[in-house]
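First up is the structure itself, then whatever we jot down about it.
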Amino acid sequence: MKQGKRPNRRQVKELEAYRLNPANWLVERDSTTEFVLIHRFSGKTRTIKKGA
């Protein structure tokens, strides 16, 4: 599994649109249609679609 990076400003807006706390999530992969997140503490992954 890849290491996650801190979300940038655009990604923070997307996370807030999905009612997720950006402080708890790291971005593993960011493609044109979706991005894959890793929870900071539990290590669980979540894939969300862009343009909520």
Side-chain angles (χ1 to χ4, degrees):
M1 183 160 54
K2 289 183 170 181
Q3 284 185 326
K5 304 268 188 202
R6 284 178 37 198
N8 60 29
R9 187 173 295 167
R10 179 188 55 80
Q11 293 165 339
V12 166
K13 295 289 183 190
E14 290 280 339
L15 290 173
E16 289 171 347
Y18 276 92
R19 307 282 235 176
L20 297 174
N21 184 356
N24 292 337
W25 293 94
L26 298 171
V27 178
E28 177 188 337
R29 186 170 51 245
D30 188 1
S31 70
T32 57
T33 58
E34 65 186 14
F35 54 108
V36 180
L37 306 169
I38 304 171
H39 195 269
R40 275 186 197 263
F41 307 114
S42 67
K44 292 185 180 181
T45 61
R46 178 180 273 190
T47 303
I48 63 173
K49 305 283 183 202
K50 286 189 178 176

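Just so we're clear, the structure is a prediction, and the values are computed from it rather than from any experiment.
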Worksheet item: Charged N to carboxylate O under 4.0 angstrom, K5 versus D30?
Response: no

Worksheet item: Going hydrophobic residue to hydrophobic residue with side-chain gaps under 4.5 angstrom, can you get from V12 over to Y18?
Response: no

Practice prompt. Indicate the atoms forming the closest heavy-atom contact of F35 with E14, along with that distance.
Written response: CZ-CB, 3.6 Å

Item to complete: Look up atom OG1 in T33 and atom CD1 in I48, then write down how far apart they are to the nearest 0.5 Å.
Response: 11.5 Å

Fill in: Check: I38 and R46 side chains under 4.5 Å, non-hydrogen atoms
no

Worksheet, complete the sentence: When rounded to the nearest 0.5 Å, the distance separating NZ of K44 from NE2 of H39 is 9.0 Å

Item to complete: Check whether more than 12 heavy atoms from other residues, nucleotides or ligands sit under 6.0 Å from atom CZ of R19, and answer yes or no.
Response: no

Worksheet entry | Under 3.5 Å: donor-acceptor pair, side chain of K50, backbone of Q11 | no

Discussion item. Measuring only between side-chain heavy atoms, which start at C-beta, is L37 closer than 4.5 Å to L15?
Written reply: yes

Worksheet item: Are R40 and W25 side-chain neighbours, meaning at least one heavy-atom pair lies under 4.5 Å?
Response: no

Worksheet item: Of all heavy-atom pairs between P7 and P22, which one has the smallest distance, and what is that distance?
Response: CG-O, 4.0 Å

